[in-house]
Amino acid sequence: MRILRRTLIALAVVVAVVIAAGVAGYWWQRPMLLTGTGYAAHNACAVTELAGRDDPEHDLPPNPLVPYLRFGADEPGETTGSLLGVLAKQRAWYTEGFGCTLAGERPELGTATPIDDAGNPLAGAPAPTADPAVDAAIAAAFGDGTPPEEAAALGTRAVVVLKDGELVGERYADGFDAATPQLGWSMSKSATDLITGVLVQQGVVTLDDAELRPEWTDERANITIEQLLRMTSGIEWDETYDLGTPITQMLYGEADMGGYVAGLPLEHAPGTVQEYSSGSTTLLCSVLAERTGLGADLPRQTLLGPLGLSSAVFEPDAAGTPVCSSYLWMTPRDWAVLGQFALQNGEWNGEQLLPADWMAKSLEVLPVEQTDDPGYGMGWRVNTLTDGSPRWPGLPADTYYASGHDGQKVIVVPSEGLVVVRMGFTPEADDEPSEVQLVEELIAALG
């Protein structure tokens, strides 16, 4: 009996140790688990509610957590993501006009300004007339003629081509069409540059504005709007999607993303080092949203509405700040309109919405002590680097582009009057060579 008692006590101790270790391990890994469930909840909400698709699992990158993810809804307009239905639960809430927001409770975002597409030349435009050379270039961008597994890895979902403002090429993958909004990820940063330009043109802000946050009483008070656009603010940052990094904490662990970034210390003197930072762009939009008083409606009233981008939704955080680093959804046609607006230097339907030199300034790459993103200007990347060498030797020197996670591109070639949009889901393959080839072949085809 005494031996049995000792055995049971020993077993109980082992079980307690195992449980304690499991609990400790869960809480240690919980920030990363919340990243996974937050990503999944937001994705499932946006893909179903915004894009009208029923396959959100197709937008999840390869990850060992995926088989254990569970989705549900406790209330209308809510999407929950968790591990095994219990652990690390995150909630995403859908709001008409503002899309999906991660928050513990339904956020109060106000009413989204309606957008009329009357000023959008691609809204309702018929499919372009077939051109064998153009269609062949687009077919290659979809991986036609390659083994099925290679085409699937390339994952092209849409290509839209404008020549001198006219729709001359267009194709969509199965399950997508001209009315399906797609997420631009970091192409949202290029749109943010244009939003800022509109506000500069209106006299609301200037690029030299500093003292952007009342709590900045140290050297951070010297940070300017231009430095946030150029990612030279010097604020400490790590764009690595990993346990406890600023980017994952901002996107999946903070209700007020701009406030979180504003609370980070300086790593470098403002203006000296360029460090790619989604935090800088979202912090900028928190400043712009506060100064204009527009909150989550900021993108709709400044840029999306005036261009007639009726499919566009710029999703905010729970504090009502548009997540300007990452969360702009539009149809590929509307992404092409954004590129055309940039190509036209901010002139739209006879009105100059940007300062006349805004795009030239946006494409100017300033010298810094060091950079982790050569050729990055203000929200756009250029083809001609600061040492005069080309990023893409086969494309014209004046080429510039917006770029987003998983293979999103809006490529603009002013000398050819060309705007090329490529959307897709390419988490593992290298999509860039196919995009460069696409533009090269389109230039040859369209003369």
Side-chain angles (χ1 to χ4, degrees), residues 99 182-200 205 207 212 223-233 235 237-241 246-247 250-251 257-258 260-261 274-289 296 298-300 302-304 307 309 312-317 321-330 334-339 341-342 346 354 358-359 361-366 368 371-383 391 400-412 419 421-423 432:
Q182 299 193 43
L183 178 58
W185 286 110
S186 285
M187 293 203 300
S188 308
K189 296 177 173 73
S190 305
T192 301
D193 171 65
L194 302 178
I195 289 170
T196 308
V198 169
L199 293 176
V200 170
V205 298
L207 284 174
L212 303 178
I223 295 171
T224 66
I225 283 178
E226 181 170 1
Q227 288 166 348
L228 289 176
L229 277 172
R230 293 189 179 279
M231 300 186 182
T232 58
S233 70
I235 293 174
W237 192 255
D238 183 351
E239 193 76 11
T240 307
Y241 282 77
I247 180 60
M250 182 187 80
L251 289 177
M257 298 187 193
Y260 165 72
V261 179
Q274 185 179 61
E275 182 176 31
Y276 188 82
S277 168
S278 291
S280 288
T281 313
T282 297
L283 171 57
L284 171 61
C285 272
S286 74
V287 171
L288 300 180
L298 169 72
R300 301 178 75 86
T302 55
L303 180 70
L304 309 180
L307 298 188
L309 303 177
V313 172
F314 221 139
E315 297 175 301
D317 65 14
T321 296
V323 185
C324 286
S325 63
S326 312
Y327 286 162
L328 176 55
W329 292 76
M330 292 194 287
D334 279 356
W335 280 110
V337 167
L338 195 78
F341 177 63
L354 301 178
W358 185 261
M359 287 309 301
K361 186 175 288 290
S362 296
L363 301 176
E364 182 184 9
V365 180
L366 299 183
V368 289
T371 178
D372 62 1
D373 197 345
Y376 191 89
M378 296 197 310
W380 302 82
R381 291 179 177 86
V382 298
N383 193 32
R391 183 191 303 271
Y400 63 91
Y401 66 103
S403 180
H405 181 58
D406 283 340
Q408 322 313 320
K409 292 284 194 306
V410 176
I411 300 174
V412 182
V419 175
V421 174
R422 185 273 186 184
M423 310 295 290
E432 195 166 281

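Everything numeric in this text was worked out from a predicted model, so none of it was measured. Values below: all heavy atoms of this structure, side chains included; hydrogens, waters and symmetry mates excluded.
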Practice task
Consider only side-chain N and O atoms of Ser403 and Lys189, and report whether a donor and an acceptor are under 3.5 Å apart.
Solution key: no
Exercise for the section: Would you indicate whether the side-chain heavy atoms of Glu315 and Val323 approach each other to under 4.5 Å? Expected result: no
Problem - Flag side-chain contact, heavy atom, 4.5 Å: Arg381 against Asp373 - result: yes
Practice task
Please lay out, stage by stage, how Met250 and Ser325 fare under the test side chain to side chain contact (heavy atoms under 4.5 Å, CB included).
Solution key: CA-CA 11 Å; Met250 182 187 80; Ser325 63; 3.9 Å; yes
Practice task
For residues Leu194 and Met359, report the shortest heavy-atom separation together with the two atoms involved.
Solution key: CD2-SD, 3.8 Å
Practice task
Measure the shortest side-chain to side-chain distance between Tyr401 and Asn383 over non-hydrogen atoms and say whether it is less than 4.5 angstrom.
Solution key: no
Completion exercise
Correct closest heavy-atom pair for Leu328 and Ala312 would be CD1-CB, 4.3 Å
Problem - 4.5 Å side-chain heavy-atom contact, Leu229 and Leu207 - result: yes
Exercise for the section: Answer yes or no: is there a side-chain heavy-atom contact under 4.5 Å between Thr281 and Leu228? Expected result: no
Completion exercise
Closest non-hydrogen contact found for Tyr260 with Pro246 is OH-CA, 3.4 Å
Handout entry: Minimum side-chain heavy-atom gap Val200-Lys361 below 4.5 Å
Key = no
Exercise for the section: Kindly say whether Gly258 contributes a backbone atom to a donor-acceptor pair with the side chain of Thr282 at under 3.5 angstrom? Expected result: no
Problem - Thr371 side, atom OG1; Arg230 side, atom CZ - distance, nearest 0.5 Å - result: 11.5 Å
Completion exercise
In this structure, SG of Cys324 is separated from CG of Asp317 (nearest 0.5 Å) by 10.0 Å
Practice task
Show your reasoning for whether side chain to side chain contact (heavy atoms under 4.5 Å, CB included) applies to Glu226 and Leu366.
Solution key: CA-CA 11 Å; Glu226 181 170 1; Leu366 299 183; 4.0 Å; yes
Fill in the blank from the handout: Rounded to the nearest 0.5 Å, the CZ atom of Phe314 sits from the OG1 atom of Thr192 at a distance of 4.0 Å
Practice task
Report yes or no: do Tyr400 and Ser362 form a side-chain donor-acceptor pair below 3.5 Å?
Solution key: no
Problem - Between CG on residue Leu304 and OG1 on residue Thr302, distance to nearest 0.5 Å - result: 6.5 Å
Problem - Non-hydrogen side-chain atoms of Glu239 and Ser278 separated by less than 4.5 Å - result: yes
Handout entry: Point-to-point distance, once rounded to the nearest 0.5 Å, from CG of Leu283 to SG of Cys285
Key = 9.5 Å
Handout entry: For Ser326 against Leu251, the heavy-atom pair lying closest together
Key = OG-CD2, 4.2 Å
Completion exercise
Correct closest heavy-atom pair for Ala191 and Leu303 would be O-CD2, 3.7 Å
Problem - Ser188 vs Tyr327 side-chain heavy atoms within contact, under 4.5 Å - result: no
Problem - Identified side-chain contact (heavy atoms from CB on, under 4.5 Å) counterpart of Trp335 within the set Met423, Arg422, Lys409, Gln408 - result: Met423
Exercise for the section: Could you tell me the separation between the CG atom of Leu288 and the CG atom of Leu199, rounded to the nearest 0.5 Å? Expected result: 5.5 Å
Practice task
Write down the atom of Val261, the atom of Ile235, and the distance for their closest heavy-atom approach.
Solution key: O-CG2, 4.0 Å
Problem - Backbone of Asp193 reached by a side-chain donor or acceptor of Trp358 within 3.5 Å - result: yes
